[in-house]
Amino acid sequence: MSFRTSPKLSAPLEQGGPPAEYVEDVSPGSGALPPRAWYASSDARSLSLNGSWRFRLSATIDAEDDSFAEEGYEAGGWAEVTVPGHWVLQGDGAFGSPIYTNHLYPFPVDPPHVPTENPTGDHLRAFDLPSDWPSDGGAVLRFDGVESCARVWLNGTELGEFKGSRLPHEFAVGHLLKPGENVLAVRVHQWSAGSYLEDQDQWWLPGIFRDVTLLHRPAGSVGDFFVHASYDHTTGEGTLRVDSDVDGRVTVPALDIDVATGESVTVAVEPWTAETPRLYDGVLATEGERVPLRIGFRTVVLEDGLIKVNGRAVLFKGVNRHEWHPEQGRALDLETMREDVLLMKRHNLNAVRTSHYPPHPAFLDLCDEYGLWVIDECDLETHGFTEQDWRDNPVDDDRWTPALLDRAARMVERDKNHPSIVFWSLGNEAGTGRGLTAMAEWIHDRDPDRLVHYEGDWNCRDTDVYSRMYAFHDEVDKIGQRLDGGTHKRRELPFIQCEYGHAMGNGPGGLADYQELFEKYERLQGGFIWEWIDHGVKHPELGYAYGGDFGEELHDGNFVCDGLVFPDRTPSPGLVEYKKVIEPVHIEGDGANGIVRITNKQDFADLSALAFEWSCQVDGETVESGSLSVPALAPGESAEVKLPEPPVDGRGGERQWTVRALLADDTLWAAKDHVVAWGQFAAGARPLPSFPATDRPVRDGDRFTLGPAAFDARTGALLSIGDVEVSAPRLDVWRAPTDNDDGAEWQTDTRYGMLWRTLGLHRMRHRLVAVEAGDDALTVRTRVAPAAREVGLDTVYRWTSDGERLKLTVSVTPEGDWTVPLPRLGVRFGLPEADGVEWFGGGPGEAYPDTRTASMVGRWQSTVDRLQTPYLRPQENGARADVRWVELGGLRIEGDPEFWFTARRWTTEQLDAARHRTDLTPGDTVWVNLDHGQHGIGSQSCGPGPLPQYFLKAEPAEFAFVFSTTR
Ligand code: GAL
């Protein structure tokens, strides 16, 4: 099937003639074998063709003819690229550069046509067929992923062409193989009709980016097979049937199974779940081949309006995972995939949506093995058509339906034997249309034992779950209560958020509030954070590049950096927060009565894999600890456990309990003692710092002295405390707006980052009203306000001392009509030097009002440099919550009440101006913020802003700090 060639492209081109038709043909391609299960044979030979390939890049598809594919072609002068790989990430810029757009097509929307400037990479790989390569049977050449369209020749004979970048394509090549040297030629085009179906929010990265493998296919070898392994939770039995194109036997030694293919057998088994990923090793043996099987018995159904696995409703604590490596792009090696899975398991995640295409199949093996529920999503997105109200959308145009069905089939056939997959997803953000319905029908028919997902289908015409992205808390609450209306079918369905909690920059905030809803209403079966990893590209000058850094004419900036881990896979504070929010055990305490309440929040496993430990802290220091005996509670069960008598300690400081749940033994994904969950609760109130104001300010020339401090007599500015010189503390309300403060431009709700700047909160002026030396205090009165506005903050600094310590009490009274919350409220001052930092308060990582669940009260040590969270686009970061006291730069600062503490080697203004980490260079001063309040973070870069309870309202406030020197 092909469209008429448009007059534009059928006219002779300067480069020499019209483009090859297959590139703009909407059909999936020609010459490839039908899709089938992906597996590694136990005994059939294979030859990896990964490695260094000869490479020639052309600016258009017809700049060079295809004679390079002919036998004997001399490519000695060509460059080289590594396969798997993307050519734009190789050759130090000589092969073009990546392009990042969110939903806009980086070419005119003129389907199925693509630009004449269509980078085309000719690839050549000569390989020796091993001398002992079997001569019987056939051979198959498999491409696991090529973006976006490839034409293939072996030894001069054309095999065919294909599209569907993240899907496998196989060609029969046995008849073409020769002893000795063989030459594989592949022409890859960056743009094709297929690009219209691959408009995912990510970098456009052409190339042969997954493995290329030659597979021997012995006579009588396995073709395609489908493992059906269900679990009956009422009997504890599993039923296995392996359908195979080629007859054979299936053995599972641990279960004494030895049956013919196509035959069912039912035996007692341990089921597979993400919490208990029990796999049974088996073998499918046909006359010509043995294929290892990893069988997980589980049954997925939609029942009582719920997604149930093995008879129980599941709560997804998931994440959206794009494949990403900062140097390799989407060409991931096994260790990187394993790192993702390990990090997910260690952070309590139980589910992955493979946004927005099927991942490398090895990733799914890991999900089976380590235990993660998977929504496997098809390689389909046509989001750019939204710009024209979805007119000409391929998913609603029958001419494209074969391509859509081909994509669905290539996903399902390749991945159908993974127990971890519970949902097939039709794709992402492709509007609605007949093509999607056709895909859903085909999938339901081919695999009735799994459910179908697609977010764009709000009426749930084709799907088995009502799925949404970025629904606000109040709407989710309504959906939970089934008050959201909708079609009859939708009202019967469970709900998931396939994307929420947009992890761009600092955040996401509000996760705990979502989780509370998910746990409250049965209909809500959890969600998937957007997204796993920042897609920063390693860059010699910028550290990590994002959209626009390669001079793209259209781009979406750092919207591509919205992950729970940084590009190098260091967990961001967002992941640490998520781990705490979704922990599988809930630990609450009643410190006064010494009781802890433990709840098993898992869906399948009891608590026998965990050991519990209590500890008691005085002023953040552990004075006693021991193990806590907790019954092996079943899922959903709770128990109250008595804590030991609190230790006797004469110091009379602040006391608290901490209870932790640890792995009792080593597991596949973490070692014994790995902390899975924790709870903390006070055993007594915090004694607040106080002292009698016994000293009086004394005038000495142009200075005042008060206790250990000296002040400028004219301005009242603090100059030093003991021998520590300071840049005087002043009221500070500005923070470098986060991506979530700025919000996305399409957001209709108020975006405070913008309003703050418009109001001028980044350029507040401080007018001195009075400096008053009283009997027991030095009082400095000011008014803090931005130019051009009538609003202001009447600010009084009151300094007192007992001779040794110095107390600053700040009183703030807003004046005028404040219609926006404040970014922060506190004081900022400078220290000439500071490096090590110790504090008693929340830590070890950063926290903000709606991202503070994981902030654990204790004694923490760090350095000024390590306090920074290196968001790819610099922005407010690094605050520590609930700080009782902090020591740095020769000072000890105690808070009344607790405060938010931040220190950095640059000013907020410099942080605000920076575009990349590398724009930030340390200055001579360490700037310290002591905040009484911070505004919430929210998720408005693609979702709701902070909930009202996390707003920092402009209201009268009073707060104090006690300073003393430590040297
Ligand atoms: C969604 C989309 C994702 C990503 C996200 C924002 O609409 O499905 O691919 O673009 O928004 O980061």
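In each ligand, atom 1 is the first atom listed, and ligand 1 is the first ligand listed. These numbers were taken from a predicted model, which means no experiment stands behind them.
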If we ignore hydrogens and angles and just use 3.5 Å, is the side chain of [X] paired with the main-chain N or O of [Y] as donor and acceptor?
X	Y	result
T487	R490	yes
E552	G548	yes
H169	K163	yes
D376	F423	no

- Atoms of ligand 1 close to N428 [distance to a heavy atom under 4.0 angstrom, numbered from 1]: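 It comes down to these atoms of ligand 1: 2 (C), 8 (O), 9 (O).
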- Task: Could you tell me if any non-hydrogen atom of H356 lies under 4.0 Å from any atom of ligand 1?
- Result: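 It does, in that a heavy atom of H356 comes within the 4.0 Å cut-off of ligand 1.
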- Query: Out of H383, E499, H322, who gets a non-hydrogen atom closest to atom 8 (O) of ligand 1?
  - Reply: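 Checking each option, the heavy atom nearest atom 8 (O) of ligand 1 is found in E499.
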Specify the protein heavy atom at minimum distance from [atom]: its residue, its atom name, and the distance to 0.1 Å.
atom	result
atom 7 (O) of ligand 1	E429 OE2, 2.5 Å
atom 5 (C) of ligand 1	Y470 OH, 3.3 Å
atom 12 (O) of ligand 1	H502 NE2, 2.7 Å
atom 4 (C) of ligand 1	D201 OD2, 3.2 Å

- Query: Are R434 and D396 close enough for a salt bridge, meaning some N to O gap below 4.0 Å?
  - Reply: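 Judged by the 4.0 Å cut-off on N to carboxylate O distance, R434 and D396 do form a salt bridge.
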